[in-house]
Amino acid sequence: MALATSSRIRSYFRSSSFQMALLFTTLLGLSVGILGYFGYYFAQNGQGLPNQEVMLWLTGLGIVFMLLVILTSFAISTFVVGRTGHIAATAKSIMDTGDLSQRISIDSRWDDLGYMAEILNQLLARIEELMHGVKNVSDNIAHDLRTPLTRLRNNLETLQKSAGPETADLCENMVAEADRLLATFAALLRIARIETGRQRNQFVPLQIDAVIRDVLEMYEPVADEKNIRITAQLEPASYHGDRDLLFQAFVNLLDNAIKFTPDGGTILITLDNKTFSIADSGPGVTAPDREKIFERFYRTEASRNTPGNGLGLALVAAVVKLHGASIGLSDANPGLRISIAFR
Amino acid sequence: MRILIIEDDKAVADYISNGFKEAGIVADAAVNGKDGLHLATTENYDVLIVDRMLPGIDGITLVKTLRGSGNAVPVLILSALGEIDDRVTGLRSGGDDYLVKPFAFAELLARVEVLARRKSNTFAAQTILKIADLEMDMLARKVVRNGTPVDLQTREFRLLEYLVKHKGQVVTRTMLLENVWDYHFDPQTNVIDVHISRLRGKINAGHKTQLIRTIRGAGYIIED
Ligand SMILES: Nc1ncnc2c1ncn2[C@@H]1O[C@H](COP(=O)(O)OP(=O)(O)OP(=O)(O)O)[C@@H](O)[C@H]1O
Ligand SMILES: [Mg+2]
């Protein structure tokens, strides 16, 4: 208790409000002192009230002091606001980029803002450490489980070769199941790697429209099988990005559109002013579900009987973030529209 | 065919060795980079399978050393990481192909066979490719089967070209994705199967023998 009080007192003496108060009092004291001295001086000389000239002097001096006070308080407030602004900007940039390695630059240690910045930096370091731990753990789980699972899969494959036809069929199913699990782990790891931002060294100049055209060329036959008609309106768009990852993101979006749109439906894809959009005529996604479908493993109630494990859009979100783009969902009446604004 | 496996993980090395043994292929094994490099420089192999992470000399350095000394033996690099930039460094260091662990043996076998036969592949200079009663004119980009022209789109043509250039060899779906489409990605669906069935429809229509066979659990093959 006493400690808390004493530290509160100590921190008050370090605070900028205390320093401001100190400055004001000093200036006020100074002006009162000077005025008092003049009054005393005139009284001493027995002149009574000072004459007009001296009065003018005093007024001028008063105005100068007032201006001085205004200027100093202004300087202090810009200094303080500038620094709180800097703290806010850093916090916002951390939220936007998710880059927890950023720190608030500290230009002084003796006042309350410098002290606060220091504490905030310690907090950030702690959060970073924890986040890193969580990421590492889930990364390692996926990584470490892959090895025994692979061994299991390979042994099953060996068993399949020496087994009778019935057991062999069973083995084949189990191998396929193991492959699906391995693919899920691989997808999880892939998302984790993209999120750490390490893949930005694969960025090259490319044409977004060309990548989309390649995706379309590849998936149109799949849409054909469901009698889904795809319309594309693509404007040329030069960009700097990861070709394979962008291709993968567009594939995941188109795969969803084809998967969730019933036979005979339509899909509209546009690229306009570096904004990509894909709209389908499927069932769409209800508003409450919209924020959740980018989460890992989240699938809506309505799509439980379609194949997939809910990682497609999580990867899309990671790729979009890696490219500093933004993604949005809206109603395509019926169906879902997903837009990505590349900048 | 003679193969050298340089892999320190015993489970993986055994899995590969056994697979080759069953396929009737001789495979030597080394458990570290130093022994591997020694074997690779003193013996004659058709293909090397090199793990990226090895005790002593790592896989990338090993391949660079081999290439530096003028040894052009085809190398397939194995990696547990599977990052895209890994693939790039792997191939830049002189590797010829790259496979991410875990993999199915069928995938490895198909790739090794393609690498081993690359030396004797003489298709590069040919302007007419032939398979059974089908002919591909590489200059005019035309396909004729038994005298009847077959109308193929650009990608279908490239797909057929890749199959024909590797006739008698199994090509996997991933190999087709990487070589015919030139993107490294996970296709989500059986998109390759759909393209193959389209291609089959076009080249087999009105003909008795069916070209392009499916090999269960592996991929596709086209044969004379
Ligand atoms: N075009 C769409 N129309 C309706 N619902 C959609 C659409 N796209 C996504 N969703 C919903 O969002 C969920 C998550 O999509 P996501 O692509 O992440 O997973 P998935 O397609 O179910 O599985 P995966 O992509 O891993 O194969 C889907 O299960 C579905 O409920
Ligand atoms: Mg999906």
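In what follows, every heavy atom counts, from backbone to side chain, and hydrogens, waters and symmetry copies are set aside. Just so it is clear, the structure is predicted and the values come from calculations on it, not from any experiment. Labels below follow one simple rule: chain letters A, B, ... track the order of the sequence lines, proteins then strands, and each chain is numbered from 1.
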Please examine the side chains of [Y] and [X], heavy atoms only from C-beta on, and report whether any two atoms are closer than 4.5 Å.
X: B/Asp9; Y: B/Asp51; result: no
X: A/Asp214; Y: B/Arg155; result: yes
X: B/Lys101; Y: B/Glu7; result: yes
X: A/Phe276; Y: A/Ile278; result: yes

### Task
With a 4.5 Å heavy-atom cut-off (strictly below), which parts of residues 185-212 of chain B touch chain A? List them by number.
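B/Phe185, B/Asp186, B/Pro187, B/Gln188, B/Thr189, B/Val191, B/Ile192, B/Val194, B/His195, B/Arg198 fall under the 4.5 Å cut-off.
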### Query
Can A/Met218 and B/Tyr183 be said to form a side chain to side chain contact (heavy atoms under 4.5 Å, CB included), step by step?
CA-CA 11 Å; A/Met218 184 163 220; B/Tyr183 281 101; over 6 Å; no
Contact origin within [X] toward chain B - heavy atom pairs under 4.5 Å:
X: A/Arg151; answer: side chain
X: A/Asp224; answer: side chain
X: A/Glu217; answer: both
X: A/Val175; answer: neither

With a 4.0 Å cut-off on N to O distance, would you call [X] and [Y] a salt bridge?
X: B/Asp137; Y: B/Arg141; value: no
X: B/Lys142; Y: B/Glu135; value: no
X: A/Lys292; Y: A/Glu295; value: no
X: A/Glu195; Y: A/Lys321; value: no
X: B/Asp28; Y: B/Arg2; value: yes

### Message
Restricting to side chain to side chain donor-acceptor pair (under 3.5 Å), what partner residues turn up for A/Asp280, sequence neighbours left out?
### Response
none
Show me the donor-acceptor pairs, under 3.5 Å and distance only, between side chains in residues 203-210 of chain A and residues at least two apart or in other chains.
from	atom 1	to	atom 2	distance (Å)
A/Gln207	OE1	A/Ser238	OG	2.8
A/Gln207	NE2	A/Asp209	OD1	3.1
A/Asp209	OD1	A/Ala237	N	3.1

### Summary
Ranking A/Leu149, A/Asn154, A/Val222, A/Thr150 by heavy-atom pairs under 4.5 Å to chain B gives rank one to A/Asn154
### Query
Applying a criterion of heavy atom separation less than 4.5 Å, what residues of residues 247-264 of chain A form contacts with chain B?
A/Phe247, A/Gln248, A/Val251, A/Asn252, A/Asp255
Non-hydrogen atoms of chain A under 4.5 Å away: do they reach the side chain of [X], the backbone, both or neither?
X: B/Leu177; value: side chain
X: B/Phe103; value: backbone
X: B/Glu22; value: side chain

### Query
Does a donor on one side chain and an acceptor on the other come within less than 3.5 Å for A/Ser303 and A/Thr306?
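Note: A/Ser303 and A/Thr306 side chains miss the donor-acceptor criterion.
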